[in-house]
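Structure, as structure tokens:
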Amino acid sequence: MQYFLVKSEPFKYPWSQFEKEKSTFWDGVRNYQARNTLMSMKKGDLVLFYHSNEGLEIVGIAKVQKEYYQDPTTDDARWCVVDLKAYKKLKQPIPLSTIKKDQLLQYMPLVKQSRLSVMPITEEQFMRIIDLSETKL
DNA sequence: GCCAACGTTGGC
DNA sequence: GCCAACGTTGGC
């Protein structure tokens with residue numbers, strides 16, 4: 001089992017819409033590092049859903065439903081998407097300010113690599129967030 | 001609006 | 001292959 005974090009601007013695609021649609025293909029990744037991370041996702045892996053720009057907090061958990069395939073929004077063979085399905089909303093969202101203060105979480109790429117929209121995180125980091133959010137998996 | 005932290009482009 | 005200049009994201 002691997003763990004990841006993806007960012008979305010609520011303006012474009014908020015968690016509430018994701019929950020309503022139940023699942024979505026995660027498109028728009030145009031960065032090699034993020035693309036490579038997408039390609040390493042396996043079915044069943046858990047993915048944290050972060051709201052950037054507005055909200056600035058981790059709001060929910062998604063599950064990888066389908067592994068990577070050609071991005072249907074472009075003919076460019078370099079880019080791909082994965083299917084994510086909404087798994088669980090966090091009982092308490094985890095704000096960036098908390099992440100920055102936390103001994104474990106401050107080392108997530110989220111904090112320093114602002115341009116990265118898809119990133120791997122460790123099991124310890126994932127579990128810490130679940131813990132802090134008082135959510136049951 | 002500013003700045004940090006990248007990624008990208010292109011000249012050499 | 002190096003590096004300067006520029007572009008982008010996103011927090012503040």
Side-chain angles (χ1 to χ4, degrees):
Chain A
M1 171 78 78
Q2 304 172 96
Y3 303 92
F4 301 93
L5 184 148
V6 296
K7 297 198 292 198
S8 179
E9 299 179 43
F11 172 69
K12 285 185 193 152
Y13 195 78
W15 170 264
S16 56
Q17 188 183 344
F18 183 39
E19 236 177 6
K20 210 175 294 170
E21 293 177 1
K22 303 243 183 347
S23 75
T24 188
F25 58 88
W26 203 258
D27 67 329
V29 173
R30 294 291 182 272
N31 166 290
Y32 286 110
Q33 206 183 333
R35 196 270 321 254
N36 292 343
T37 305
L38 266 191
M39 290 171 72
S40 73
M41 288 185 182
K42 300 290 177 208
K43 192 175 177 182
D45 285 347
L46 295 177
V47 183
L48 295 172
F49 192 109
Y50 174 79
H51 277 168
S52 64
N53 278 319
E54 297 167 50
L56 307 185
E57 55 190 12
I58 298 172
V59 288
I61 313 167
K63 210 173 221 182
V64 178
Q65 189 168 39
K66 189 176 174 193
E67 292 169 21
Y68 77 93
Y69 55 97
Q70 170 66 35
D71 186 336
T73 65
T74 175
D75 288 334
D76 194 329
R78 292 177 299 170
W79 309 116
C80 60
V81 299
V82 295
D83 284 356
L84 296 181
K85 75 170 179 223
Y87 176 55
K88 224 164 231 190
K89 187 177 179 176
L90 292 187
K91 221 166 147 192
Q92 298 288 335
I94 305 299
L96 184 63
S97 55
T98 301
I99 292 169
K100 285 187 165 175
K101 274 183 272 176
D102 188 88
Q103 204 53 40
L104 269 176
L105 302 180
Q106 62 175 309
Y107 297 110
M108 294 199 299
L110 175 71
V111 178
K112 289 219 163 175
Q113 280 180 250
S114 60
R115 299 199 52 199
L116 202 56
S117 59
V118 181
M119 65 195 76
I121 60 172
T122 67
E123 182 174 3
E124 287 77 14
Q125 289 164 342
F126 182 85
M127 291 309 170
R128 164 57 62 89
I129 287 160
I130 297 308
D131 237 30
L132 292 173
S133 69
E134 299 167 32
T135 306
K136 281 186 187 139
L137 279 182

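Every heavy atom of this structure was used, including side-chain atoms; hydrogens, water molecules and symmetry mates were not.
- Remark: C1' of C:dG10 and CG of A:Leu5 are 14 Å apart, rounded to the nearest angstrom.
- At B:dA4, none of the side-chain N or O atoms of A:Lys112 fall inside 4.0 Å of OP1 or OP2 (strictly under the cut-off).
- The nearest whole Å value for the distance from the NZ atom in A:Lys7 to the C1' atom in C:dT8 is 11 Å.
- Separation of the A:Tyr50 and A:Trp15 ring centroids does not fall under the 6.0 Å cut-off.
- When side chains are defined from C-beta on, A:Ile99 counts as touching A:Ile58, because their heavy atoms get closer than 4.5 Å.
- Regarding contacts with the backbone of C:dC12, a side-chain N or O of A:Lys100 is found under 4.0 angstrom from either OP1 or OP2.
- The nearest whole Å value for the distance from the CZ atom in A:Arg115 to the C1' atom in B:dC3 is 15 Å.
- Judged by distance alone, the side chains of A:Glu21 and A:Tyr13 do bring a donor and an acceptor atom under 3.5 Å apart.
- B:dC6 atom C1' lies 16 Å from atom OH of A:Tyr32, rounded to whole Å.
- Within 4.0 Å (heavy atoms only), A:Leu116 reaches no atom of the nucleic acid at all.
- Using a cutoff of 4.0 Å between basic side-chain nitrogens and carboxylate oxygens, A:Asp71 and A:Arg30 are scored as salt-bridged.
- No side-chain heavy atom of A:Met119 sits less than 4.5 Å from a side-chain heavy atom of A:Gln113.
- The separation between A:Leu110 atom CG and C:dT9 atom P is 16 Å, rounded to whole Å.
- Taking side-chain N and O atoms only, A:Gln113 has no distance below 4.0 Å to OP1 or OP2 of C:dT9.
- Across the protein-nucleic acid pair, A:Glu9 atom CD and C:dG11 atom P stand 9 Å apart, rounded to whole Å.
- For A:Ile58 and C:dG10, the CD1 to C1' distance is 15 Å, given to the nearest whole Å.
- Between B:dC6, C:dG10, C:dC12, one nucleotide has an atom nearer to the side chain of A:Leu96 than all others, and that is C:dC12.
- If you measure from atom CG of A:Asn53 to atom P of C:dT9, you get 10 Å, rounded to the nearest angstrom.
- Of the side-chain N and O atoms in A:Tyr50, one or more sit less than 4.0 angstrom from OP1 or OP2 of C:dG11.
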